[in-house]
Asker: 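Submitted below is the structure of interest, expressed as C-alpha cells.
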Amino acid sequence: MASLTGRRVLVVGRAGGIARAVTLALRAAGAQVVVAGRDEPALAAAYDDPDVEAETVDLTDEPSVAALAGRLGRVDHVVSTASARARGPVGELGHDVVLKSFDVKVLGPLLLAKHFAPHLPADGSFLFFSGSSARKPAAGMLAVGATNAAVDALTRGLAVELAPIRVNAVSPGTVDTGAYDGLGERKKAELFAAREATSPARRVGRADEIAEAVVFALGNTFLTGVSLAVDGGEPLV
Ligand SMILES: NC(=O)c1ccc[n+]([C@@H]2O[C@H](COP(=O)([O-])OP(=O)(O)OC[C@H]3O[C@@H](n4cnc5c(N)ncnc54)[C@H](OP(=O)(O)O)[C@@H]3O)[C@@H](O)[C@H]2O)c1
C-alpha cells in the first residue's frame, strides 16, 4: 500500500454520512483533506482540525467544478460521495428527478475527472460512489440502479482513458447514514429489518466500513477500473 501521509485528498459530499467517515479515516491515515460541497459552512463546522479545509462546489455546475480545481491546484486523490437519489417505481419517476440523479452522480464525477486530472500526479486516483442496486434490481430502485450502473461504466472507461491515474469506485450496500430517513420511520425500520433477516452479513453496514474500502482503494497502486462491493452480500440473495 502506498502511504497516504501528507497526500492531499479532495472529498466531495455532505458534512455527515459516508463523506464524514471517509474524511476521518483519511485523516487517521495521515492525509490532508479538503472537504467540498454545496454547504461550505456546515462542512467547516463539522471538523475541528487544521488539516481539514472546507470548500464550495456544486457538481451540477461545470464552472463551479473548474473553479474549485483552479483554486486547489495540486491534489493527489479525488473522492466523490455526492448523490441525489431518484427512488420510486417507473410509473412515478419524473424526467427531472432522474436527470438530477445522473447529473450529480455520473456527470459530476465526469466533470471532476475532466478538471482535476490535469492537476493529479501519475500515482493519483479518483474514487467514485456506486451502489449495490446496480447489481441487484429491486422494485422502486430502477433509476438508482441505472445511475449506479452508469457510475460503474464511467469508472472503467476513465481508468482506461486517464491511465496511469487510477480510477475506482466503492459500491456499498445498505448503510445507515441518515440517507433512508426520508422514507419515514416505519418504512426505514421495515427495510433495515428485511436486510437483517436476509443479507448474508445479517445487518446493515456502517459508514466506517465503507471508509476503510476508500482508504484501501486510494492506497493500492495495482487497483484500477474496479467497483469494490462492500455490501454485506446483499445482491447475492
Ligand atoms: N447510504 C447507503 O446505504 C448507500 C447505499 C449505496 C450507495 N450509497 C452511496 O454512497 C454515497 C454516500 O452516501 P451517504 O448516504 O453518506 O450520502 P447521501 O445521503 O447520498 O448524500 C449525498 C450528498 O451529496 C451532496 N450533493 C447532492 N448534490 C450535490 C451537488 N450537486 N454537488 C455537490 N454535492 C451534492 C448532498 O450534500 P448537501 O445536501 O450537503 O449538499 C447530499 O447530502 C452516495 O453516493 C450514495 O449514493 C449509499
Side-chain angles (χ1 to χ4, degrees), residues 10-25 34-46 54-68 78-87 96-97 99-112 115 126-136 138 141 143-152 154-155 168-183 188 191-192 194-196 199 201 203-211 213-214 217 227-232 234-235:
L10 169 65
V11 178
V12 179
R14 60 182 167 105
I18 289 171
R20 179 176 172 80
V22 168
T23 299
L24 297 179
V34 180
V35 289
R38 295 177 303 179
D39 191 349
E40 192 262 334
L43 288 166
E55 265 285 0
T56 304
V57 73
D58 179 345
L59 293 191
T60 63
D61 177 16
E62 183 165 6
S64 162
V65 177
L68 179 65
V78 174
V79 177
S80 179
T81 69
S83 80
R85 288 185 185 81
R87 292 194 186 107
D96 289 356
V97 78
L99 196 61
K100 181 92 182 287
S101 175
F102 275 82
D103 206 3
V104 173
K105 205 168 175 177
V106 183
L107 296 185
L110 188 151
L111 293 177
L112 286 169
H115 292 284
F126 289 92
L127 188 290
F128 303 132
F129 268 81
S130 174
S132 60
S133 58
R135 289 167 282 119
K136 174 82 170 178
M141 294 294 279
V144 180
T147 304
N148 287 329
V151 175
D152 294 338
L154 182 83
T155 298
N168 292 298
V170 167
S171 186
T174 310
V175 182
D176 190 5
T177 60
Y180 298 89
D181 293 356
L183 294 175
K188 179 180 165 181
L191 174 74
F192 282 19
R195 293 287 184 268
E196 283 158 20
S199 132
R203 63 177 176 85
V204 299
R206 297 191 315 267
D208 64 287
E209 294 171 311
I210 307 303
V214 173
S227 294
L228 276 177
V230 188
D231 57 16
E234 273 171 34

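Please read these numbers as outputs of a predicted model, since none were measured by experiment. Remember, it's 1-based here, ligands and their atoms both numbered in the order they're listed. Values below: all heavy atoms of this structure, side chains included; hydrogens, waters and symmetry mates excluded. Residue indices begin at 1 and follow the sequence shown.
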Asker: Look only at the side chain of Ser227 and the backbone of Ser171, and say whether a donor-acceptor pair between them is shorter than 3.5 Å.
Answerer: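 No; zero donor-acceptor contacts below 3.5 Å.
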Asker: With respect to atom 24 (O) of ligand 1, which of Ser83, Ala169, Pro109 exhibits the smallest heavy-atom separation?
Answerer: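 Result: the heavy atom closest to atom 24 (O) of ligand 1 is in Ser83.
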Asker: Please work out whether any backbone atom (N, CA, C, O) or any side-chain heavy atom from C-beta onward of Val104 is under 4.0 Å from ligand 1, and answer side chain, backbone, both or neither.
Answerer: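 Side chain only.
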Asker: Side-chain contact, heavy-atom cut-off 4.5 Å: Asn168 with Leu228?
Answerer: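 The answer is no; the side chains never approach within 4.5 Å.
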Asker: For Arg20 and ligand 1, answer yes if some heavy atom of the residue is under 4.0 Å from a ligand atom, otherwise no.
Answerer: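 In this structure, Arg20 fails to qualify as a contact of ligand 1 - no heavy atom is under 4.0 Å.
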Asker: Report the part of Ser130 (side chain from C-beta onward, or backbone N, CA, C, O) that has a heavy atom under 4.0 Å from ligand 1; answer both or neither where that applies.
Answerer: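 Within the 4.0 Å criterion, Ser130 contacts ligand 1 through backbone atoms alone.
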Asker: Contact between ligand 1 and Ala84 is defined here as a heavy atom of the residue under 4.0 Å from a ligand atom; is it met?
Answerer: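 The answer is no, since Ala84 has no heavy atom less than 4.0 Å from ligand 1.
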Asker: So Leu59 and Ser80, side chain to side chain contact (heavy atoms under 4.5 Å, CB included) or not? Walk me through it.
Answerer: CA-CA 9 Å; Leu59 293 191; Ser80 179; 3.5 Å; yes
Asker: Looking only at protein heavy atoms, which one is nearest to atom 10 (O) of ligand 1, and how far off is it?
Answerer: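 Checking every protein heavy atom, the shortest distance to atom 10 (O) of ligand 1 gives Phe129 CD2, 3.4 Å.
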Asker: Looking only at N/O atoms, are Ser132 and ligand 1 under 3.5 Å apart anywhere?
Answerer: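 Ser132 vs ligand 1: no N/O contact under 3.5 Å.
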Asker: Is there a nitrogen or oxygen of Leu59 sitting under 3.5 Å from a nitrogen or oxygen of ligand 1?
Answerer: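 There is such a contact, yes.
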Asker: Does only the side chain of Ala82 get under 4.0 Å from ligand 1, or the backbone, or both, or neither? Count heavy atoms.
Answerer: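 Both of them.
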Asker: When Ser133 is tested against each of Thr174, Asp231, Asn148 for side-chain hydrogen bond (donor to acceptor under 3.5 Å, both in side chains), which residue passes?
Answerer: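 With Ser133 as partner, side-chain hydrogen bond (donor to acceptor under 3.5 Å, both in side chains) holds for just one option, Asn148.
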Asker: Looking only at side-chain N and O atoms, does Asp103 offer a donor or acceptor that is under 3.5 Å from a partner on Thr60?
Answerer: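 Note: Thr60 and Asp103 side chains miss the donor-acceptor criterion.
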Asker: For atom 6 (C) of ligand 1, find the nearest protein heavy atom and state the residue, atom name and distance (0.1 Å precision).
Answerer: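 That would be Pro172 O, 3.3 Å.
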Asker: From the options Arg85, Glu234, Arg38, Lys105, select the one whose nearest heavy atom is closest to atom 48 (C) of ligand 1.
Answerer: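 When every heavy atom of Arg85, Glu234, Arg38, Lys105 is considered, Arg85 comes closest to atom 48 (C) of ligand 1.
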Asker: Evaluate the side chain to side chain contact (heavy atoms under 4.5 Å, CB included) criterion for residues Phe129 and Val12: first the C-alpha distance (whole Å), next the side-chain angles of each, then the deciding distance (0.1 Å), finally the verdict.
Answerer: CA-CA 11 Å; Phe129 268 81; Val12 179; over 6 Å; no
Asker: Can you tell which part of Thr177 has a heavy atom less than 4.0 Å from ligand 1: side chain, backbone, both or neither?
Answerer: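 For Thr177, only side-chain atoms sit under 4.0 Å from ligand 1.
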Asker: For Val151 and Lys105, work out which heavy atoms get closest and say how close.
Answerer: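 Scanning both residues, the minimum pair turns out to be CG2-O, 3.5 Å.
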Asker: If you count every heavy atom of other residues, nucleotides or ligands that lies below 6.0 Å from Lys100 atom NZ, does the total exceed 12?
Answerer: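 At most 12 heavy atoms, drawn from other residues, nucleotides or ligands, come within 6.0 Å of this atom.
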Asker: Take Leu68 and Thr56, measure what side chain to side chain contact (heavy atoms under 4.5 Å, CB included) needs, and give me the verdict at the end.
Answerer: CA-CA 7 Å; Leu68 179 65; Thr56 304; over 6 Å; no
Asker: Quick check: does any side chain N or O of Arg20 sit under 3.5 Å from a backbone N or O of Ala46, one acting as donor and the other as acceptor?
Answerer: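 Answer holds: yes.
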Asker: Per the side-chain hydrogen bond (donor to acceptor under 3.5 Å, both in side chains) rule, which among Arg203, Lys188, Arg206 passes with Asp176?
Answerer: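 The residue from Arg203, Lys188, Arg206 that satisfies side-chain hydrogen bond (donor to acceptor under 3.5 Å, both in side chains) with Asp176 turns out to be Lys188.
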Asker: Checking a contact table here: which protein heavy atom is nearest atom 11 (C) of ligand 1, and how many Å away?
Answerer: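 Nearest protein contact, heavy atoms only, for atom 11 (C) of ligand 1 is Thr81 O, 3.3 Å.
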Asker: Measuring from non-hydrogen atoms of Gly173 to any atom of ligand 1, is the shortest distance under 4.0 Å?
Answerer: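 Yes, Gly173 has a heavy atom closer than 4.0 Å to ligand 1.
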Asker: So, 4.0 Å and heavy atoms of Gly178: is ligand 1 close enough to count as a contact?
Answerer: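 So Gly178 does not count as touching ligand 1.
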Asker: Using distance alone, decide if ligand 1 has a nitrogen or oxygen within less than 3.5 Å of any nitrogen or oxygen in Ala179.
Answerer: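 There is no such contact.
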Asker: Quick one: which of Arg14, Arg195, Lys100 has a heavy atom closest to atom 37 (O) of ligand 1?
Answerer: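 Nearest heavy atom to atom 37 (O) of ligand 1 lies in Arg14.
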Asker: Please report which non-hydrogen protein atom sits nearest to atom 31 (N) of ligand 1, along with the residue it belongs to and the distance in Å to one decimal place.
Answerer: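 The answer is Asp58 OD1, 2.8 Å.
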Asker: Looking at ligand 1, does any of its N/O atoms fall within less than 3.5 Å of an N/O of Ile18?
Answerer: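 Min N/O separation from ligand 1 is below 3.5 Å for Ile18.
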Asker: Given that the side chain starts at C-beta and the backbone is N, CA, C, O, which of these parts of Val57 lies under 4.0 Å from ligand 1, counting heavy atoms, or is it both or neither?
Answerer: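 The part of Val57 near ligand 1 is the backbone, not the side chain.
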